[in-house]
**Q** 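One structure, pasted below without further comment.
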Amino acid sequence: MKHNEILRVSGKSLIPFIMMFGLYVQFHGDYGPGGGFQAGVIFAAGVVLYTLIFGLRRARRVFSPRTMEAWICAGVLLYGSVGLLSMLKGGAFLDYNVLAHDPVHGQHWGILWVELGVGITVTAVMITLFFLFAGRGLRGPSRLDHED
Amino acid sequence: MIDILLFAFLMLTALGILRLRDLFAAAMLSSLFSLLAASLFMVMDAVDVAFTEAAVGAGISTILMLATLAITKRQEKARKRQLRPGPALLVLACGAMLIYGTLDMPHFGTADAPVHTYLAPRYLEVSPIEVGPPNIVTSVLASYRGYDTFGETTVVFAAAVGVLLLLGGRRRFRDAGWDITMGVDLREVQEIVARRQEGLKLPEGDP
C-alpha cells in the first residue's frame, strides 16, 4: 500500500498521535481509565498501521523481532523486580509501601513501574504476534511487501 | 432500554457470524461484536473494561484474524448443515446449567450484593488515603491485586512464548545459512551448482 498516497500521508500523520495517545493512557492510568495493558495495545496498533502502509520488511527493520523478544522479557522482569525490591526493603513481595519514605509515595512509585512493565510486555507481545502472523506461510517477501 | 437494544444487536451479530460463509465478513462482524460489547460495558460504567474490549477485541484481534485470512482462503468450505441430536442436547444441557447457576447470583446493581457490603465500600473509602490514585480501578489492579496482575502479565508472556515456538521456528533455517522463505528448493540449487561445475550453460530464467 506504499504507493497509495492518501493512505501513506494520512497514516504518517496519524501514527505519532496514536503512539502519543498510547503513552498518555500509560502514564495517565492513575487518573483516568486505562493502564499498561490498554496502552500497550494502542502503541502496538500504531506499529501495526505502520506495517500495513510501509510493509513488513521496513517495520521489522525498526522493530526487529530479536529486540521485541528482549522487550517481552524485560516487562515481566521489571514487574517482578519491583516485587523483589520491596522484599529487599523489608516488605512483602509487591508491597509498595516500603519503596519510599511515605507509604503513599511508595504506592505511587510501585504502581508506575509495575504498569510500565505491563505496558512494555503487552506492546512487544502484540507487535511480535502481528509480525509472526503477517509473515507466516508466505513464500518470498510478505504480501505486505508487494510494492516494496 | 439502551442495554436491551445493545443486547439485541449483540445477539444478531452473533447469529450473523454463525451463518456467514464469507470469512472476511465474519471477521468484520466479530469486530463489531466487540465494539457492541464495549458499548455495553460503557453503559454499565465499567470504563476500563470497555477500553480493553475496544482496543483488544475490536482492534488487535481483528487485525490478527485478517492476517490469518490472508494466509488461508476467504470462503469457508461448504458443508452439509445437519442437526446432530447428541451434541445439540449436550450444548442445551450445558447452557441450561449455566443459566441455572446465574439464578443464585445477585441482580446487577443490587445494593445488598455481598461484594457491595464490605469489599467495594472499603476500596472506595480507604484506597484514596492508603494508595492514592483517583482511579480506584488502577489501585485495585496494580496494588491490592498486584499478584493477580503479575500473573496476568506472565500469562501474556507465556502465550507469546508459545506462539513464538509454534510459528517462529523459521529462524533456525536462516541461522544455518539457509533461508527457507526464499521459496527455493534445495535440490534445484544443488543441481545448478553441479551444472556450473560441469561448465554447462544455465537454463534461462534461473537465478
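Just so we're on the same page: letters track the sequence lines, and every chain starts at 1. Atoms considered below: every heavy atom in the structure, side chains included; atoms not considered: hydrogens, waters and symmetry mates. A quick note: this is a predicted structure, and the numbers were derived from the prediction, not measured.
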**Q** What is the ring orientation for A:Phe93 with B:Tyr147, classed by angle as parallel under 30°, tilted 30 to 60°, or perpendicular over 60°?
**A**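 Ring orientation of A:Phe93 relative to B:Tyr147: perpendicular.
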**Q** Please check if the side chain of A:Gln38 supplies one atom and the backbone of B:Asp48 the other of a donor-acceptor pair under 3.5 Å.
**A**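 Yes, because the side chain of A:Gln38 sits within donor-acceptor range (under 3.5 Å) of the backbone of B:Asp48.
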**Q** Before accepting this row, confirm whether a basic side-chain N of the pair B:Glu130/B:Arg122 lies closer than 4.0 Å to the acidic partner's carboxylate O.
**A**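 Answer for the salt bridge query: yes.
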**Q** Do side-chain atoms of A:Tyr79 reach the backbone of B:Phe150 as a donor and acceptor pair under 3.5 angstrom?
**A**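 Checked: pair present.
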**Q** Quick one: sort the A:His28 and A:Tyr31 rings into parallel, tilted or perpendicular, breaks at 30° and 60°.
**A**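 A:His28 vs A:Tyr31 ring planes: tilted.
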**Q** Begin with the C-alpha distance, continue with both residues' side-chain angles, and end with the deciding distance and a verdict on side-chain contact (heavy atoms from CB on, under 4.5 Å) for A:Tyr96 and B:Ser143.
**A** CA-CA 8 Å; A:Tyr96 313 138; B:Ser143 183; 3.9 Å; yes
**Q** For B:Thr138 and A:Gly29, indicate whether the former's side chain and the latter's backbone hold a donor-acceptor pair under 3.5 Å.
**A**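 Checked: pair present.
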**Q** Which residues from residues 56-63 of chain B are near chain A, with near meaning under 4.5 Å between non-hydrogen atoms?
**A**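 B:Val56, B:Ile60, B:Ile63, listed by number.
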**Q** Measure the OG1-NE2 distance between B:Thr102 and B:His107 for me, rounded to the nearest 0.5 Å.
**A**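 Those atoms lie 9.0 Å apart.
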**Q** Determine which residues belonging to residues 11-33 of chain B lie within contact range of chain A, meaning some heavy atom pair is under 4.5 Å apart, and list them by number or answer 'none'.
**A**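 Near chain A, by residue number: none.
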**Q** Select one option (side chain, backbone, both, neither) describing which atoms of A:Val41 are under 4.5 Å from chain B's heavy atoms.
**A**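 Both parts, heavy atoms under 4.5 Å.
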**Q** Relative to chain B, which segment of A:Ile42 carries a heavy atom at a distance below 4.5 Å: side chain, backbone, both, or neither?
**A**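 Just its side chain gets close to chain B.
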**Q** For B:Ile129, does the CD1 atom sit with more than 12 other heavy atoms under 6.0 Å from it, leaving out its own atoms?
**A**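 More than 12 heavy atoms, drawn from other residues, nucleotides or ligands, come within 6.0 Å of this atom.
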**Q** Less than 4.5 Å apart, side chain to side chain, heavy atoms only: is that true for A:Leu116 and A:Phe27?
**A**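 Yes, close enough: below the 4.5 Å cut-off.
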**Q** So which part of A:Val82 gets closer than 4.5 Å to some heavy atom of chain B, the side chain, the backbone, both or neither?
**A**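 The answer is neither part of A:Val82.
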**Q** What residue, out of B:Ala160, B:Pro133, B:Ala54, B:Ala50, has the most heavy-atom pairs lying under 4.5 Å from chain A?
**A**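 Ranked by heavy-atom pairs under 4.5 Å with chain A, first place is B:Pro133.
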**Q** What is the distance from atom CG of A:Leu94 to atom CE of A:Met87, rounded to the nearest 0.5 Å?
**A**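 Going from the CG atom of A:Leu94 to the CE atom of A:Met87 covers 9.5 Å.
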**Q** Looking at B:Ser139, B:Ala67, B:Ala159, which has the largest count of heavy-atom pairs under 4.5 Å with chain A?
**A**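 Highest number of heavy-atom pairs under 4.5 Å: B:Ala67.
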**Q** Please classify the contact of B:Leu66 with chain A as side chain, backbone, both or neither, using a heavy-atom distance under 4.5 Å.
**A**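 Answer is neither: B:Leu66 stays 4.5 Å or more from chain A.
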**Q** Examine distances only and state if a side-chain atom of A:Ser86 and a backbone atom of A:Ala92 form a donor-acceptor pair shorter than 3.5 Å.
**A**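 A pair under 3.5 Å: yes.
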